[in-house]
Amino acid sequence: MAASVLRIAPSARAALRASSAKPAGAALASAAFVRGKATLPDLPYDYGALEPHISGKIMELHHKNHHQTYVNGLNSALAEIEEAASKGNQSKAATLAPLLNFHGGGHINHSLFWENLAPANKDGGGEPEGALKSAIARDFGSFATLQSQVNAALAGIQGSGWAWLVKDKAAGTLQVVTRANQDPVSGNYVPLMGIDAWEHAYYLQYQNRKAEYFSAIWNVINWKAVAGRLEKA
């Protein structure tokens, strides 16, 4: 299930490049996206399929409500940027870059997140195998150490954000990084696995016991999907 997002028109890209917008927004604007409007991707499993680790109600609200909001916001931001750029109003287009970063990042991050997950009785949980297992052992020492580092990174996020297992293309190694709010992973980093630390991802079920959510989600991580991203990175 690939992220379905929009290819930015040249005039909008030019407007954003001409701005002093922060790099994350510019990086998102220059990415190669699928043509057509952004749409909410279908899940490859039922909302209740990840229970008891993530409740069906959370999955439904997270997917149908929160992710849809990012899709709507992305399409709106792109339309406004294109309109401003078509009128030669580069300044107006540039001021919309933060919205593009937030909603576009939210759409990309969640599209990857759904692919990260699978029911525990199918491909979810367990431990990585093959080349991914070897890379984790090389760069973290063990799978348990990776889990510990990711959980520590998640616990250290102040407010909302994400923790990611990434491949550093320059160094050729795996690393754990965090991103605030909906900032997307970009630059030399290729996202392999992300865990959502926003309250909407867990609060309905775990309330303020977010450490329990951080532990539970490992039972539904789809390591085959993560391995597939590593192979393409």
Side-chain angles (χ1 to χ4, degrees), residues 1-5 34 37-75 102-129 132 143 146-148 150-155 157 159-165 176 178-185 191-229:
M1 178 183 67
S4 177
V5 287
V34 178
K37 279 192 173 183
T39 58
L40 185 69
D42 294 330
L43 298 185
Y45 40 78
D46 294 334
Y47 288 133
L50 306 184
E51 293 185 344
H53 310 294
I54 303 178
S55 75
K57 188 60 175 178
I58 283 181
M59 289 297 297
E60 182 176 7
L61 290 171
H62 199 172
H63 179 251
K64 288 175 63 176
N65 291 40
H66 292 283
H67 190 171
Q68 184 66 63
T69 297
Y70 297 123
V71 169
N72 295 344
L74 172 58
N75 287 328
F102 181 76
H103 292 291
H107 179 39
I108 291 172
N109 292 342
H110 283 86
S111 295
L112 292 173
F113 182 60
W114 308 133
E115 294 176 355
N116 282 349
L117 306 176
N121 62 353
K122 292 187 178 179
D123 292 324
E127 297 190 13
E129 299 178 351
L132 177 59
F143 176 63
L146 169 64
Q147 287 182 304
S148 178
V150 171
N151 285 351
L154 287 163
I157 293 172
S160 302
W162 294 73
W164 292 92
L165 173 66
V176 174
T178 59
R179 291 292 181 269
N181 300 314
Q182 294 297 349
D183 287 354
V185 175
L192 304 179
M193 180 199 73
I195 296 179
D196 190 347
W198 281 65
E199 282 192 348
H200 63 234
Y202 65 85
Y203 198 85
L204 190 64
Q205 181 175 2
Y206 292 98
Q207 288 85 46
N208 64 336
R209 306 184 311 278
K210 61 182 179 180
E212 293 182 21
Y213 159 69
F214 298 154
S215 296
I217 199 169
W218 292 98
N219 294 298
V220 289
I221 295 294
N222 185 345
W223 291 111
K224 288 183 178 179
V226 180
R229 288 199 199 119

Grab the two heavy atoms, one from [X] and one from [Y], that are nearest each other, plus how far apart they are.
{"X": "Ser111", "Y": "His67", "result": "OG-CE1, 3.5 Å"}
{"X": "Ala49", "Y": "Pro119", "result": "O-CB, 3.5 Å"}
{"X": "Leu74", "Y": "Ala38", "result": "CD2-CB, 3.8 Å"}
{"X": "Ala201", "Y": "Ile58", "result": "O-CG2, 3.5 Å"}
{"X": "His53", "Y": "Ala216", "result": "CB-O, 3.8 Å"}
{"X": "His107", "Y": "Val71", "result": "ND1-CG2, 3.5 Å"}

Do Asn109 and Trp164 have side-chain atoms, one donor and one acceptor, less than 3.5 Å apart?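 The criterion, which ignores hydrogens and geometry beyond distance, is not satisfied for Trp164 and Asn109.
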According to the interplanar angle, ranging from 0 to 90°, do the rings of Phe102 and Tyr70 count as parallel (below 30°), tilted (30 to 60°) or perpendicular (above 60°)?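 Because their plane-to-plane angle is over 60°, the rings of Phe102 and Tyr70 count as perpendicular.
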Just say parallel, tilted or perpendicular for the rings of Trp114 and His62, cut-offs at 30° and 60°.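 Perpendicular, since the angle between the ring planes exceeds 60°.
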Where do Leu43 and Met59 land on the side-chain contact (heavy atoms from CB on, under 4.5 Å) test, with the steps shown first? CA-CA 10 Å; Leu43 298 185; Met59 289 297 297; 4.1 Å; yes
Euclidean distance, [Y] [atom2] relative to [X] [atom1], rounded to 0.5 Å:
{"X": "Leu146", "Y": "Asn151", "atom1": "CG", "atom2": "CG", "value": "9.0 Å"}
{"X": "Asp196", "Y": "Leu154", "atom1": "CG", "atom2": "CG", "value": "9.5 Å"}
{"X": "Glu60", "Y": "Tyr47", "atom1": "CD", "atom2": "OH", "value": "5.5 Å"}
{"X": "Leu40", "Y": "Asp42", "atom1": "CG", "atom2": "CG", "value": "7.5 Å"}
{"X": "Asp123", "Y": "Lys224", "atom1": "CG", "atom2": "NZ", "value": "4.0 Å"}
{"X": "Met193", "Y": "Leu112", "atom1": "CE", "atom2": "CG", "value": "12.0 Å"}

Just do the side-chain contact (heavy atoms from CB on, under 4.5 Å) check on Ile217 and Leu117 with the steps written out, would you? CA-CA 8 Å; Ile217 199 169; Leu117 306 176; 4.1 Å; yes
How about Phe143 and Trp223: are their ring centroids closer than 6.0 Å?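 Aromatic pair counts; centres sit under 6.0 Å.
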Between [X] and [Y], is there a donor-acceptor pair closer than 3.5 Å when you use the side chain of the first and the backbone of the second?
{"X": "Asn75", "Y": "Lys37", "answer": "no"}
{"X": "His63", "Y": "Pro41", "answer": "yes"}
{"X": "Ser215", "Y": "Ala211", "answer": "yes"}

Heavy-atom side-chain contact between Asn181 and Trp198 under 4.5 Å: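 Yes - at least one pair of side-chain heavy atoms lies under 4.5 Å apart.
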Around atom CD of Gln207, are there more than 12 heavy atoms from other residues, nucleotides or ligands closer than 6.0 Å?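 More than 12 heavy atoms, drawn from other residues, nucleotides or ligands, come within 6.0 Å of this atom.
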Stepwise side-chain contact (heavy atoms from CB on, under 4.5 Å) check, His110 with Gln182: CA-CA 9 Å; His110 283 86; Gln182 294 297 349; 3.5 Å; yes
Check the pair Leu165 / Arg229 against side-chain contact (heavy atoms from CB on, under 4.5 Å), numbers first and verdict last. CA-CA 11 Å; Leu165 173 66; Arg229 288 199 199 119; over 6 Å; no
